[in-house]
Amino acid sequence: MDGNGRWANARGLPRTAGHRAGVERVREAVRTAVEAGIGYLTLFAFSSENWSRPQQEVSDLMGLLRFFIRRDLAELHRENVRIRVIGCRQTIQPDIRALLNEAEDRTRDNTGITLVIAFNYGARDELVRAVRGIAEAVRAGDMDVAAIDEAAIAARIDTAGIPDPDLVIRTSGEQRLSNFLLWQAAYTEFVFMPCLWPDFDRAAFLDALAEYGRRDRRYGAVSAPDLAVGS
Ligand code: FPP
């Protein structure tokens, strides 16, 4: 959800106004994803690197997450949305941890779209935590080194049970992954949108999905037409 700061700057507003406008786009994005038949929508809300922003901005972002959960949880629950949170839960404020736990607990049995909130998330940090867990299991004698395979790692990262993303959309014209889902994005398609996140409306989301629809995904193999002609 990139570009909130630039959106605010362009209007002579404080950066927080951009983040606030960004939160208002979240519900629309969830609705558009449901309409498009998407099963899992992951939003990168706060990265493990975002702590290095000015203290006031960090505090405003924490406030916005509280606001979002308090205001929208009941409605998301009514709409059958299941919430999952990825990221390091240990190092965030206890009241935010409690809100995130509540959001997951209340919506656990819902059967609609899964909204994955990446909060205090960094892919390298996620992998470090998973590797430590595996090392501890081996040391305790609960796991054999030979049992460490891709499935074992996938089962110990934060997204365990969540399919790898088919598509990552980054707004604001930046073309990098910024420590997002490094393991999971091995075969993901990327669509980079020039618009800033507060302008990322339903039409922009559908444009990104249409671009995805034109991609030929091969997963390291050859495409079906090539196979047919035996080339
Ligand atoms: C990136 O834009 C955006 C963020 C670091 C924060 C996104 C968070 C929210 C919209 C609020 C909380 C989320 C939820 C799910 C309620 P930027 O500030 O880096 O923009 P810039 O590159 O233009 O400065």
Side-chain angles (χ1 to χ4, degrees), residues 1-34 38 40-77 79 81-89 91-93 95-104 106-107 113-123 125 158-159 162 165 168-181 192-201 204-205:
M1 298 189 285
D2 201 6
N4 296 344
R6 276 164 283 173
W7 185 92
N9 281 344
R11 288 161 180 75
L13 297 169
R15 292 177 56 80
T16 304
H19 295 313
R20 238 180 285 131
V23 172
E24 299 310 322
R25 281 292 175 208
V26 168
R27 296 302 311 284
E28 184 181 358
V30 175
R31 285 203 194 98
T32 307
V34 170
I38 290 167
Y40 294 80
L41 176 70
T42 303
L43 298 174
F44 203 174
F46 191 85
S47 81
S48 44
E49 288 74 35
N50 285 154
W51 295 106
S52 61
R53 293 188 174 211
Q55 207 194 324
Q56 186 57 52
E57 183 169 345
V58 169
S59 155
D60 290 342
L61 283 167
M62 298 293 150
L64 277 172
L65 183 82
R66 286 186 188 97
F67 165 77
F68 172 74
I69 300 216
R70 288 191 186 125
R71 186 190 65 175
D72 291 344
L73 178 59
E75 200 178 329
L76 289 166
H77 184 41
E79 289 172 5
V81 175
R82 184 169 64 136
I83 295 176
R84 275 277 301 266
V85 180
I86 59 171
C88 181
R89 219 79 68 96
T91 50
I92 53 179
Q93 286 100 321
D95 74 300
I96 294 196
R97 186 159 57 232
L99 277 175
L100 294 175
N101 290 343
E102 184 198 339
E104 283 187 322
R106 254 174 93 179
T107 63
I113 191 171
T114 299
L115 174 63
V116 183
I117 301 175
F119 195 80
N120 195 23
Y121 176 84
D125 173 67
D158 296 350
T159 51
I162 297 173
V168 164
I169 302 168
R170 183 168 185 158
T171 54
S172 91
E174 307 292 354
Q175 301 193 8
R176 53 180 175 267
L177 201 45
S178 299
N179 207 11
F180 187 56
L181 302 178
F192 299 105
M193 305 289 290
C195 74
L196 307 173
W197 173 257
D199 296 325
F200 187 74
D201 58 8
F205 197 164

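Counting convention: from 1, in listed order, for ligands and their atoms alike. Count residues from 1 along the sequence.
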Under 3.5 Å donor-acceptor, Arg53 side chain and Val58 backbone: no
Backbone N/O of Gly18 and side chain of Trp7: donor-acceptor pair under 3.5 Å: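 The answer is no, because no donor-acceptor pair under 3.5 Å joins these two groups.
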Residue shell around ligand 1, heavy atom under 4.0 angstrom: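 For ligand 1, the residues that come within the 4.0 Å heavy-atom cutoff are Met1, Asp2, Gly3, Asn4, Gly5, Arg6, Arg15, His19, Val23, Ala45, Asn50, Arg53, Leu61, Phe68.
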side-chain hydrogen bond (donor to acceptor under 3.5 Å, both in side chains) evaluation trace for Thr91 with Asn120: CA-CA 8 Å; Thr91 50; Asn120 195 23; 2.8 Å; yes
Qualifying salt bridge (charged side-chain N to carboxylate O under 4.0 Å, His left out) pairs, either residue in residues 41-51, two or more places apart: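 Not a single pair qualifies under salt bridge (charged side-chain N to carboxylate O under 4.0 Å, His left out).
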Identified side-chain contact (heavy atoms from CB on, under 4.5 Å) counterpart of Ile83 within the set Thr114, Leu100, Leu73: Leu73
Salt-bridge contact Arg25-Glu28 (side-chain N to carboxylate O under 4.0 Å): yes
